[in-house]
Amino acid sequence: MQKIYIMPEIFNLFGYSFFFWSREHEPIHVHVEGSDGYATFDWNEETQTFVQRECCNIKAGDLRKIKNAIAQRKQEIFDKWNEHFNQ
């Protein structure tokens with residue numbers, strides 16, 4: 001039997017999808033993917049911020065926009081994560 005994983009989208013901005021996988025792990029984190037590349041940001045409890053774990057082929061200007069969007073919408077990320085995983 002094939003496992004099916006879904007990608008609940010949190011939001012979509014400037015051509016990038018911000019999402020997580022339905023079978024994720026702690027810490028809370030967000031994947032970002034667009035036509036140019038992808039990145040992943042983990043929640044850091046100590047600094048109370050999302051920290052970049054990986055990034056591939058995203059231009060510096062786009063990466064700044066992505067980081068700002070994640071910082072400004074962190075509550076939305078938490079809400080979607082908790083809604084999905086704590087049902």
Within-4.5 Å side-chain heavy-atom neighbours: K65 and L13: no
Interatomic distance, F18 atom CZ to I66 atom CD1 [nearest 0.5 angstrom]: 5.0 Å
Minimal non-hydrogen separation, I10 against E76, with atom names: O-OE2, 3.4 Å
Any side-chain heavy-atom pair of F11 and I77 under 4.5 Å: yes
Least distance between heavy atoms, K67 atom then F41 atom: CG-CE2, 3.8 Å
Over all atoms of both residues, closest heavy-atom pair of H29 and F20: O-CB, 4.1 Å
Taking every non-hydrogen atom, the tightest pair across F14 and A69: CZ-CB, 4.4 Å
Donor-acceptor pair, side chain of Q48 and main chain of E45, under 3.5 angstrom: yes
Aromatic ring pairing F78/F50, orientation class (parallel under 30°, perpendicular over 60°, tilted between): tilted
Considering all heavy atoms, the nearest I58-L63 contact: CG2-N, 3.7 Å
Among H31, E33, E9, side chain to side chain donor-acceptor pair (under 3.5 Å) partner for S17: E9
